[in-house]
Every structure is written in structure tokens, then in C-alpha cells.
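To start, the structure under review is shown below, and the notes come after it.
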Amino acid sequence: MDIINDLKSMREVYWTNPGYRKFNEIENQLPITSDEVMEAEKRLHRFAPYLAKVFPESKDGIIESPVSHIPEMMSWIERDIGQAIPGELYLKRDDLLSIAGSIKARGGIYEVLKHAETLAVENGMLYYDHDYRKLAEKDFIDFFSKYRIQVGSTGNLGLSIGIMSAKLGFKVTVHMSSDAKKWKKDMLRSKGVTVIEYPDDYSKAVEEGRKDSDNDPMSHFVDDENSRDLFLGYAVGGMRMKSQLEEMGVIVDEKHPLVVYLPCGVGGGPGGVAYGLKLSYGDLVECYFAEPTHSPCMLLGLATGKHDQISVEDIGLDNKTEADGLAVGRPSSFVGKVMDMLLTGSFTIEDNKLFRYLKALYETEDIFIEPSAAAGFNGLFLTRDRYIDKEPVQLVWSTGGSLVPMEERSKFLGD
Ligand SMILES: *Cc1c(COP(=O)(O)O)cnc(C)c1O
């Protein structure tokens, strides 16, 4: 296949999905339902008073991010490529999400909260109509301290699971891959989280974490490669977009389709968001995934139909990228099978371009994001011809950045 040769060569590629289908034709064939997403949204509302209490920076305890209109960045990209791009450009600010500073604040925190609720309800300590602020009391912290939560991570998932679990009182172990940044490990250790480091990549960290957890009946493993709960937490974010854009007066219709560019690692984050968007907008939204040229695991899995049965190493790639949130060699099979029919297309981006976009965004709009979060910008010129006769609402999903320490930022910005 040509696409495999292109991926091997590490050239940037643009792939449109031949399996794409109308949403209403496939909605009830998917392994996940809208009812489950609604239930997840309700659960997050039950926990909001608790989160507001223990993380005052989360304000009302609803972890949500704004959308920024970024016309100056659009002009920069148009100058850069020497062509006009149709529509208006917006940035979804998951870099600003409270508590964990990345998109992982959606899935990761949701899964930990659900686990805590299940344990407390099963033990007769909590009912759904209680005031969840009581979870901050000593009885609960003592109760949760008997249990362990574990996760394998390239960094951001570890931050989100670690911070939330430690706050509830759980013992928590994060298995970190070699590409995880030192400041992320330091931050976790400062919160009492056990961090185990591996010289290998993300898949190894996940495998070791899973093994450790399976041997301990008191331990729950947050399985980034298979978790439905992570996916549901992300899906809530996609579903909420509709009311958010309506409040901003942004119109989405046939003439103004919503075109969304999502950075993809193992696939749960962008897959969940894309599914939530489809639930709200059906065929009026089209989603694209963005991956580094060194780690295009989801694109490889989708284009070959092999999903998690093939890794980027199998085609000779090294899975080494500065986009630590995307440094994943093998995709989730569960998510790949959902995306088979939902995803409009996918593309890759070279690392040096991540830094160019990151810097341009900082200079034009005064917004700092981390390298992974800049991957979506590459889509704007790739999809240009497809939307040239329309006025699309172009939305780049920024996935992280606000926790990055100042000295790391200047390194990324090259000054
Ligand atoms: C994890 C992450 C992603 C991708 O999410 P996946 O669920 O791994 O696909 C994108 N950007 C950042 C900053 C991340 O941390």
C-alpha cells in the first residue's frame, strides 16, 4: 500500500477514510451508546460540588474549557502556505482545563471518580442523591487509602490520574515511559504519587502497570488501551460543544460545517471527543486525527485494518517524538473500530512543524500550548480544497499546556 510506504518514509501524509459513513446509518452498530455518555455527564454533575470544594481552581467543579477565536493565527497560516483557507479558525482550550492542564482532565478524572463512586456505593457509604462534598471527609480518605490505582502513561494521563486519585486518598502508582518529561514525574512525586520509570516506550509502561495491578485484588488499572470509562469522559467534552458554540453565536449548518482537528496518541481522547461531537452534530461535523510522523499508530491501524495488531515499529519507525502526549506506537483497538466509520481523515506532522505552530500561536494570539497540542494546525491546508466552497467552522483541539513550567516553555519557544 502506498500509504504504508509514505508512513515508512516519514513524509507527512494525508489520508481520507474510505470507510467513512453517515452517522445515522452506523450509530447503533457502535460499541458505545449515547445513553452511556449522558450517564457520564450526570456522574460528573454529581461530583461537581466535591471538585469545587477540593479543587477551588475548578470554580463550579465542572471541568470544561473555553473556545477562542484565533483570526491572527489563521492569517499567519495563510501567509505561511501562501493560500487562503476557507472559514473561521477557533481553538478549543483543553490546555486550560483545571486540575490536570490537559485533555486528560476529561477521561482520566472521570474514570477515577467513577471508580471511587462504585467502591463507596458498594460499601454502603454513599448514595447517588447524597451531597458528594462528604467525600472530602476523613472517613472516605481512610476508606480509599485501602485501595490502589495504577496507570501507564507518557505523562499527562499520569498527571490526571495521579492528582485526582491522591486527592481522594487512594494509593496511586504511575508507570512512566522513557519519553515522559522530568517535570511531570517531579510534580507527581510531590503529591505523594509513586512513579516507576521504564527505559522503554509507552506500551511497555502500560504492560508492566497492568501486570502489577492484576496481581493485586485491591488495585484498579486505568487501561488507556482499552478503557470505556476514559472514552466516555472524553465524549462528554465533545457532546458539550454544541451548547458552547450556540452560546457564542457560532452557526453550524450545511454551509458552515464544523471541521475538527484532534491530536491522537492511543486514540481514546480524540476518539471520545469525536464520538461526542457526532452525537451532537451528526454529519455536520467532520473529524480529523493528527499524529507525529514518527508515531502514526492510529493511521497505520486504520489504513491497514489491523488496529492494535500492528505497531509503528513493525514498519521500521522509532516512535520518538517531542510530542510526548502522542508518542504511542500501537493504537487502542476499541477506539480504532469506532473510528473506522466515524473519522473523515487523518494526517501526520513533522516535529519541527509542531514547534513552528506553537511559536506562531504564541506570537499571534499570546496562547502557549505544548508540542502535542499543536498537531492539529497541519490539517488546515490539507483539507482546504474539500471545504473551499463552504464557510467551515474550523476548530483545532488544543490538548495541553497550562501546567508546563516557565523554563520548559522558553525551550519550546526557542528563546
Ligand atoms: C494524551 C494526549 C493526547 C492524545 O490522547 P490519546 O487518548 O492518547 O489519543 C493529545 N494531546 C495531549 C497533550 C495528550 O496528553
Side-chain angles (χ1 to χ4, degrees), residues 65 91-97 99-111 151-163 174 176-177 179-181 184 201-203 205-206 222-235 237-238 260-276 287-292 295-299 301-302 307-308 319 321-336 338-339 343 346 349 354 357-358 368-377 396-404 408 412:
S65 72
L91 190 68
K92 177 63 173 170
R93 305 298 307 281
D94 279 8
D95 49 291
L96 296 179
L97 282 178
I99 306 176
S102 80
I103 189 170
K104 302 301 191 306
R106 299 185 182 279
I109 289 176
Y110 176 71
E111 177 152 349
V151 66
S153 171
T154 64
N156 286 341
L157 186 63
L159 281 181
S160 132
I161 301 291
I163 293 169
V174 177
M176 286 275 200
S177 55
D179 36 67
K181 300 269 184 267
K184 294 184 181 174
D201 78 355
Y202 158 90
S203 299
V206 171
V222 176
D223 195 335
D224 200 14
E225 290 176 337
N226 299 294
S227 169
R228 295 173 74 84
D229 287 333
L230 287 176
F231 188 90
L232 289 169
Y234 297 122
V260 183
Y261 306 93
L262 294 144
C264 178
V266 73
V273 167
Y275 176 66
C287 300
Y288 295 85
F289 283 180
E291 294 176 285
S295 310
C297 68
M298 181 61 75
L299 175 47
L302 289 171
H307 300 295
D308 61 334
N319 190 25
T321 166
E322 279 298 317
D324 52 340
L326 314 180
V328 177
R330 190 184 293 278
S332 156
S333 98
F334 156 65
V335 175
V338 177
M339 299 326 294
L343 194 67
S346 194
I349 175 168
L354 295 171
Y357 288 130
L358 180 160
F368 175 82
I369 61 177
E370 62 184 271
S372 301
F377 286 111
V396 169
W397 207 281
S398 160
T399 46
S402 62
L403 290 189
V404 177
E408 296 282 321
F412 289 151

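In listed order, ligands and their atoms are each counted from 1.
Looking only at heavy atoms of the protein, atom 4 (C) of ligand 1 is closest to G265 N, 3.5 Å. Counting protein heavy atoms only, atom 1 (C) of ligand 1 is closest to K104 NZ, 1.3 Å. Among all protein heavy atoms, the one lying closest to atom 7 (O) of ligand 1 is G269 N, 2.7 Å. Nearest protein heavy-atom neighbour of atom 10 (C) of ligand 1: L326 CD2, 3.4 Å. Atom 11 (N) of ligand 1 has its closest protein heavy atom at T399 OG1, 2.7 Å. Given atom 8 (O) of ligand 1, the protein heavy atom at minimum distance is V266 N, 3.0 Å.
Using a 30° and 60° split on the angle between ring planes, Y357 and F377 fall in the tilted class, from 30° to 60°.
Set against the non-hydrogen atoms of P270, the atoms of ligand 1 under 4.0 Å away are 5 (O), 6 (P), 7 (O), 9 (O). Near N156, meaning under 4.0 Å from any of its heavy atoms, are these atoms of ligand 1: 13 (C), 14 (C), 15 (O). Shown in contact with G268 at under 4.0 Å from a heavy atom are these atoms of ligand 1, numbered in order with element: 7 (O), 9 (O).
The shell of residues lying under 4.0 angstrom from ligand 1, judged by heavy atoms, excludes A373.
Considering all non-hydrogen atoms of both residues, D201 and S177 come closest at C-CB, 3.5 Å.
Atom CZ of residue F334 and atom CG of residue D308 lie 12.5 Å apart, to the nearest 0.5 angstrom.
Using modelled atom types, no side-chain atom of K104 and backbone atom of L159 make a donor-acceptor pair closer than 3.5 Å.
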